[in-house]
Student: 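Got a structure for you, questions after.
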Amino acid sequence: MSGVATTGHEWDGIKELDNPMPAWWVYTFYACIAFAAVWVVFYPSLPFVRGTLGYTGRSDLSRVMEAERARTEPMLARIRAATPAAIAADPELRGFALAGGRVAFANNCAGCHGAGGQGAVGGFPSLADDDWIYGGSFDAIQQTITVGVRNGEHPDARGVAMPAFAQAGLTPAQIGTLADHVLSLSGAGPASAPGAALYAENCVACHGDRGEGNRELGAPRLNDQVWLYGGDRAAIGRTIANARAGVMPAWGSRLDPATINMLTVYVHALGGGEQ
């Protein structure tokens, strides 16, 4: 016998003692209850009850954000009023724009173009090289960001539709021959007269005689071994047969002009910006 009251439970000779809780633990427990009651009175702790102080984390965040906007607004106003080229030429503005552009890129662009602008096979162009579909100058990058590509939401959106040549009458054999010729433009395969004839009839108007592309139309270069949807014969054949129509949002309706300018400067600085 332990000399201490038990709960009456016993199992295999083992009894459950009914020791009282230590006084310090009991007082701490009661203090926590009292503290919780006071907290509910002053702070929002229950649904639809804001507390007598009227404090919320959302309102606190709003005050912090408002203070940050007030702090940065003078610089943002300068960014907003300047052209991207002028921003890049001013060390102070350029440093601010690169920092802000990096954040805006991570929030809005990295999901498709990658954290470093490296792009991905599947229609997401690299922004870190010198291969541009619509141009890599400040003005061209700013325009592309502002109006987007084939989005149906901006009247000046970039890009035209590529035909699906399997539906336009080309046979699978002709598509294969045309794919071989496209590969030959970048030195990845032998040229052929039938392929050249098919290319001249169906592709030259947009992609150029030598596959140099057309930035006005958004027709990519075919002679540089840089591919949006894969550069092997099968991938090129699928592109010819089914067409591609990548879409990019029109960020001009979503982002502040200062953010557009900062993004322009940041993208231009990723590695392939043109003068």
Student: With salt bridge (Lys or Arg N to Asp or Glu O under 4.0 Å) as the rule and sequence neighbours excluded, what pairs involving residues 231-252 come up?
Tutor: Asp180-Arg233
Student: Which residues pass the side chain to side chain contact (heavy atoms under 4.5 Å, CB included) test with Ser62, sequence neighbours left out?
Tutor: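 So Ser62 forms no side chain to side chain contact (heavy atoms under 4.5 Å, CB included) with any residue.
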Student: For Glu73, does the CD atom have more than 12 heavy-atom neighbours from other residues, nucleotides or ligands under 6.0 Å away?
Tutor: yes
Student: Do the side chains of Val267 and His113 get nearer than 4.5 Å, heavy atoms only?
Tutor: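 Answer no - side chains too far apart.
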Student: According to side chain to side chain contact (heavy atoms under 4.5 Å, CB included), who are the partners of Glu66, at least two apart in sequence or on a separate chain?
Tutor: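 Per chain and number, Glu66 pairs via side chain to side chain contact (heavy atoms under 4.5 Å, CB included) with Arg69.
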Student: For the OG atom of Ser126 and the CG atom of Leu228, what is their distance to the nearest 0.5 Å?
Tutor: 10.0 Å
Student: Examine Trp132 and Val226 and state if one hydrophobic cluster contains both, with Ile, Leu, Val, Met, Phe, Trp and Tyr joined whenever side-chain heavy atoms are less than 4.5 Å apart.
Tutor: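 In one cluster: no.
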Student: Tell me the closest heavy-atom pair linking Ala243 and Pro163, and the distance in Å.
Tutor: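 Where Ala243 meets Pro163 most closely, the heavy atoms are CB-O, 3.3 Å.
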Student: May I ask whether Phe124 and Tyr134 are part of the same hydrophobic cluster, defined by side-chain heavy atoms of I, L, V, M, F, W, Y residues being less than 4.5 angstrom apart, directly or through others?
Tutor: no
Student: Any idea which heavy atoms bring Gly169 and Gln174 closest together, and the distance?
Tutor: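 Answer, listing the atom of Gly169 first, then Gln174: O-OE1, 4.0 Å.
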Student: Please report the shortest heavy-atom distance between Ser137 and Gln275, naming the atom on each side.
Tutor: CB-O, 4.1 Å
Student: Mind checking whether Met75 and Leu93 have side chains closer than 4.5 Å, heavy atoms only?
Tutor: yes
Student: Can you list, pair by pair, the side-chain donor-acceptor contacts under 3.5 Å of residues 39-47, counting residues two or more places apart and other chains?
Tutor:
unit_1: Trp39; atom_1: NE1; unit_2: Ser45; atom_2: OG; d: 3.3
unit_1: Ser45; atom_1: OG; unit_2: Tyr43; atom_2: O; d: 3.3

Student: Hey, does Asp18 have a side-chain heavy atom less than 4.5 Å from the side chain of Thr6?
Tutor: no
Student: Could you pull out all residues at least two apart from Phe138 that satisfy ring-ring contact (aromatic ring centres under 6.0 Å, His included)?
Tutor: His268
Student: Once salt bridge (charged side-chain N to carboxylate O under 4.0 Å, His left out) is applied, do any residues pair with Asp129, and if so which ones, sequence neighbours excluded?
Tutor: none
Student: Could you check whether any side-chain N or O of Thr177 sits under 3.5 Å from a backbone N or O of Ala173, counting only pairs where one atom can act as donor and the other as acceptor?
Tutor: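 Yes, Thr177 side chain to Ala173 backbone: donor-acceptor pair under 3.5 Å.
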Student: Say whether, by atom type as modelled, one donor and one acceptor occur between the side chain of Asn261 and the main chain of Ala82 under 3.5 angstrom.
Tutor: yes
Student: Other than Met21, which residues form its hydrophobic cluster under the rule that side-chain heavy atoms must be closer than 4.5 Å?
Tutor: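 Via sub-4.5 Å side-chain contacts, Met21 links to Trp24, Trp25, Val26, Phe29, Tyr30, Ile33.
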Student: Report the C-alpha separation of Thr264 and Ile87 in whole Å, then their side-chain angles, then the decisive distance to 0.1 Å, and conclude whether the side-chain contact (heavy atoms from CB on, under 4.5 Å) test is met.
Tutor: CA-CA 10 Å; Thr264 300; Ile87 294 169; over 6 Å; no
Student: Minimum heavy-atom separation for Gly116 and Ala128, please, with both atom names.
Tutor: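 In this case the closest contact between Gly116 and Ala128 is O-CB, 3.9 Å.
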Student: Identify whether Leu270 and Met262 are in the same connected component of the hydrophobic contact network (ILVMFWY, side-chain heavy atoms under 4.5 Å).
Tutor: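 Yes.
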Student: Mark yes when over 12 heavy atoms from residues, nucleotides or ligands other than Gln167 sit less than 6.0 Å from its CD; otherwise mark no.
Tutor: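 Not more than 12 within 6.0 Å, no.
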Student: Donor-acceptor pairs under 3.5 angstrom involving side-chain atoms of residues 101-108: please list them, not counting sequence neighbours.
Tutor:
unit_1: Asn107; atom_1: ND2; unit_2: Val103; atom_2: O; d: 3.4
unit_1: Asn108; atom_1: ND2; unit_2: Ala104; atom_2: O; d: 2.9

Student: Residues in side chain to side chain contact (heavy atoms under 4.5 Å, CB included) with Ser253, at least two apart?
Tutor: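 Once residues adjacent in sequence are excluded, the partners of Ser253 under the side chain to side chain contact (heavy atoms under 4.5 Å, CB included) criterion are Glu153.
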Student: Might you point out which heavy atoms bring Gly237 and Ala179 nearest each other, and give the distance in Å?
Tutor: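 Scanning both residues, the minimum pair turns out to be N-CB, 4.1 Å.
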Student: Checking one residue: Leu178. Which other hydrophobic residues are in its cluster under the side-chain 4.5 Å linking rule?
Tutor: Met162, Phe165, Leu170, Ile175, Val182, Leu183, Leu185, Leu198, Tyr199, Val204, Leu222, Trp227, Ile236, Ile240
Student: Indicate if Ile133 and Val149 have the same hydrophobic cluster label, given that clusters are the connected sets of ILVMFWY residues with side-chain heavy-atom separations under 4.5 angstrom.
Tutor: yes
Student: Out of curiosity, His154 NE2 to Thr146 OG1, how far, rounded to the nearest 0.5 Å?
Tutor: 7.5 Å
Student: Keeping the roles fixed (side chain from Gln225, backbone from Ser186), state whether a donor-acceptor pair exists under 3.5 Å.
Tutor: yes
Student: Closest approach of Tyr266 and Leu98, non-hydrogen atoms and distance?
Tutor: CD1-O, 3.7 Å
Student: Where the side chain of Asn151 meets the backbone of Met248, is there a donor-acceptor pair that is under 3.5 Å apart?
Tutor: yes
Student: Mind checking side chain to side chain contact (heavy atoms under 4.5 Å, CB included) for Arg221 and listing every partner two or more places apart, or none if nothing turns up?
Tutor: Asp131, Asn223, Asp224
Student: Who else is in the cluster with Val160 when I, L, V, M, F, W and Y are joined by side-chain contacts under 4.5 Å?
Tutor: Leu217
Student: Would you say Arg254's side chain and Ala250's backbone share a donor-acceptor pair under 3.5 angstrom?
Tutor: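 Pair found, side chain donor or acceptor close to backbone of Ala250.
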Student: When you group the ILVMFWY residues by side-chain heavy-atom contacts below 4.5 Å and let the links chain together, are Leu76 and Trp251 in the same group?
Tutor: yes
